[in-house]
Every structure is written in C-alpha cells, then in structure tokens.
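Below: the structure, in structure tokens.
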Amino acid sequence: METTNYDIITIGGGLGGAALAKVMADKGARVLVLESEPQFKDRVRGEVMVGWGVAEAQQLGIYEIMKSAGSQEVEWTEQTVGNSWEQITAVRRHLPTTTVPGMPWLTFYHPEMQEAILNSASDSGATVHRGVRVRGLQTDGAPKITATVDGIEQGFSARLVVGADGRSSGTRSWGEFEVLKNPAKTYIAGILFDNMDSQDDASQTFRSFDRGLTALLFPQGKGRVRAYLCYPQAWGMRLSGSSDFRRFIDWSVDAGVPAEYHEGATPVGSLASFDSSATWVEHPYREQVALIGDAAGSTDPMWAQGVALTLRDVRVLRDQLLSNKDWDKAGRAYAEEHNKYFTVTTTVHKWLEKMLVETGPEADARRELALPLWREDDTRRIDTVASGPDHAIDETMRRRFFGEE
C-alpha cells in the first residue's frame, strides 16, 4: 500500500480540523483533512460563539467566513433566574460594552458554518477527503494513518497528526490518551425551532433554582431559534424524538420560558439529548499526535464555551507550530498552554454549577449568601463565560465568588 506524506493530517473536518487546515495551508504547510461525513448533518450541539471566541476567530482570519454562512451577531444577553414562585426580573446585558473582548456573540446553523470553513481550507490548498473511514494510527516514528477513501484502503503519514474528531474521538484511543470525565449530573436536550416568537436580538437564559432547570435560547434570525433544556439526570429520563416534544416544552416553561414563545413555533429536525459532563485528557499531545477541540477537552455545553475553546486550541497550536521548527517541542508547548485555560474554564464551571444549578437546602443557602453580594459587586461572579479564561484562579477568588469573605 502506497503512503502519501503530509506536514499535518487532521482527523476530522469540522470547525477545529478545518480551521487548522486553513490557517496552516495559508502558511504553506501540506495539509490533509480526513472527514467521515460526506455532508454535515444537523445535530444537537453548540451553535453560539461567545465574544472571546469571536476574538479568536478574528485572530485566525476566519470570522468573516463564519459570518458569511448565515450567521447572526447577537449584542445582548438576557438572564431570568429564581424560583418558580418568585421569579427575578430579567437582566439584559450589552456584550460589546460590558465584556473584556468587547465583541458580540455569533449564532449560526452548525452544518452551514462547518461547510464554509472546510471549503475555505480546500481553497487555501488543503487536501480534503470526505466520507472517510479512518481505521488506525501508528505512532512509532512518523505517525501513519490507514484509512478507506473512496472505497480504497490508503496510507498517509505526517509530521503531525491532529485529532479533531470530537467528544467520542477515535484519535484519543489510537494515541493511547487517558480520558477523564466528571460525574454525570445533567442532560442537555436541544431542538431547532422556526417561527419562535422570542427575542431576536438577544440570547436568553432561564433558570429555575428549585427544579434545577436551565433553558437556553439562541436566535439565528428570522424566527429561527436553537433551544436547549438542561435537566437533572437523576430524573431518569432522556428526552428524544417527537414523543418527548411536549415534555421539552413543558419543562422549558417550568424553567421560565414564556409559554407564548412556543405558540406557532415549529420544530426543525429532531429532538435529542446527551450527557453534558465534561471530558478531557490531561496533556493533549504525545508522540506527534495533538488533540484539539472536544477531543482534547469538552466542557459542559450549558456554559456555551465549546466553539471558543476549539478556536483557542487552533490558534495556540498554529502559533506554536509557526514559531518552532521542532514540532515535538511545539506540541508539548501547546498542550501546556491548553491545560492552563482549560483548567480555569472548568474550575469556574464547577463553581457556577454549585451556585446556579444544584438544588436542595445547601445550594439554596449558598445562593442566599452569595447572590446579594453579587448584585452589590459584579466582579464577584467571575466573567469567564463571557470574557474568557485569561485570568488566574485562587482561593481568594473562590471565597469571594461564594460570598465567604
């Protein structure tokens, strides 16, 4: 079997793999993208990029490409939180003037966005194969991949293989990366609506403290909205298909979504749900294999950080590869930097979960202590989700967050 040589092979041609392929091909690297899907399909997954991710996309030079794929800039967020019997007034926030990056958020239909970035990678000179089945990866010496392309088994080698193949990454297994996972607590269900009578200029979050429910609405323009519902796994039910459609709406209303939003709304595609537990590897590089995006570390999607983290991974890996002739050194440096911002992100998410998601007397006591202090001093709540993980975390910060000092 003849083997074709490249500088970089990305296993996966979604946002992370395609973006890396484009930016490295633009710099003259020989890049191969192996994507399993002949055509991207709609799935329940993040369709919002927070402002610090917008900044990453701009640094990579792909923001205008993403915008061109039917995307919508959203300048406002609105949060409505409380107990079902005592709802707190919704709080609106203008993102360009209240966050560190000073950027709007971007919402999009994921398949169209992926197609746009992958096409741009091809236009930049990357070789793209779709409908590929990767069968294995050897890492003794230069990494080698065996894959079925157009029905023919082929071999490919590269200076660097990049696993950009998502939460269920095969690259992690072939590269013998140990996968860690947080305890399962929450399911997140999602569906795409047309003709939803919600706010078109703001992403909206609704939380019910007494029931442990969070509903998220991300407008895509012209009445199209991606709706999510986060609910406890302890309820023992995984929402899926048309039979659970009514329950999805009822629980969303329980979370605080106005019932009238759903009047006249029509579902586009199917309802599906998945375990939202964070998964990660401790060091996403070894033996000329790097992991990016969800393959390297997948956070709880309730906090909408996945797209931004993926683009941060791409930008950091690109910068290391371009500044180091020794790509093994570059890979190790990427992994070390990834660990820093991923640790900040997941630590803050754990704190937010304890404060805003958990139910019961202890959680209520935490909120009774801390939330009034948050209203007096907004810096206590820690703005990682909107402004990014470029800050330290320490015990003093934790104590201020929970109102302990």
Side-chain angles (χ1 to χ4, degrees), residues 8-24 31 33-37 40 43-50 52-57 59-60 62-63 65-66 106 108 110-111 113-118 120-121 126 128 134 137 160-175 177 179-181 274 276-286 289-301 303-321 331 334-335 337-346 349 388-389:
I8 299 171
I9 298 173
T10 72
I11 301 178
L15 174 61
L20 182 67
K22 173 180 170 47
V23 297
M24 291 305 296
V31 185
V33 180
L34 300 175
E35 168 54 44
S36 63
E37 293 188 358
F40 293 121
R43 290 191 175 92
V44 177
R45 54 182 161 194
E47 294 192 316
V48 61
M49 181 166 64
V50 295
W52 67 272
V54 169
E56 295 290 349
Q59 289 189 58
L60 290 167
I62 63 171
Y63 186 58
I65 299 170
M66 297 181 75
L106 190 72
F108 44 80
H110 211 108
M113 181 275 293
Q114 288 179 300
E115 292 287 351
I117 300 297
L118 189 55
S120 73
V128 177
V134 177
L137 167 65
L160 178 70
V161 169
V162 178
D165 46 351
R167 289 169 61 95
S168 56
S169 169
T171 310
R172 290 192 304 219
S173 299
W174 297 318
F177 291 91
V179 181
L180 304 175
K181 181 180 180 181
F274 55 90
S276 68
S277 303
T279 61
W280 70 97
V281 301
E282 286 190 339
H283 191 79
Y285 174 81
R286 65 187 304 269
V289 178
L291 304 175
I292 62 173
D294 283 354
S298 148
T299 58
D300 184 339
W303 311 109
Q305 302 292 279
V307 176
L309 282 168
T310 294
L311 293 185
R312 171 68 63 91
D313 286 351
V314 172
R315 196 260 302 165
V316 171
L317 181 56
R318 177 202 64 175
D319 291 351
Q320 292 296 339
L321 294 175
Y334 153 72
E337 190 168 345
H338 164 92
N339 287 350
K340 293 177 184 177
Y341 53 78
F342 190 80
T343 297
V344 170
T345 302
T346 53
H349 288 182

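Count residues from 1 along the sequence.
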So His338 and Tyr341, would you call those rings parallel, tilted or perpendicular, with 30° and 60° as cut-offs? perpendicular
Find out whether Pro301 and Phe274 are in side-chain contact, i.e. whether some heavy atom of one side chain is under 4.5 Å from a heavy atom of the other. yes
In Å, rounded to the nearest 0.5 Å, how long is the span from OG1 of Thr345 to CG of Leu309? 5.0 Å
Any side-chain heavy atom of Pro389 sitting closer than 4.5 Å to one from Arg312? yes
Side chain to side chain, Pro284 and Asn339, heavy atoms closer than 4.5 Å: yes
To the nearest 0.5 Å, what is the distance between CE (Met49) and CG (Leu311)? 6.0 Å
Distance check, rounded to the nearest 0.5 Å: Phe108 atom CZ versus Leu15 atom CG? 7.0 Å
All heavy atoms of Ala278 vs all of Thr299, minimum pair found to be CB-CA, 4.1 Å
How long is the span from the OG1 atom in Thr171 to the CG atom in Leu137, to the nearest 0.5 Å? 7.0 Å
Spacing of Met113 atom CE and Leu118 atom CG [to the nearest 0.5 Å]: 11.0 Å
Using a 4.5 Å cut-off on heavy atoms from C-beta on, say whether the side chain of Tyr334 contacts that of Leu321. no
Is it true that a side-chain atom of Asp165 and a backbone atom of Gly12 form a donor plus acceptor pair closer than 3.5 Å? no
Any side-chain heavy atom of Phe177 within less than 4.5 Å of one from Leu291? yes
Glu37, CD: over 12 other non-hydrogen atoms inside 6.0 angstrom: yes
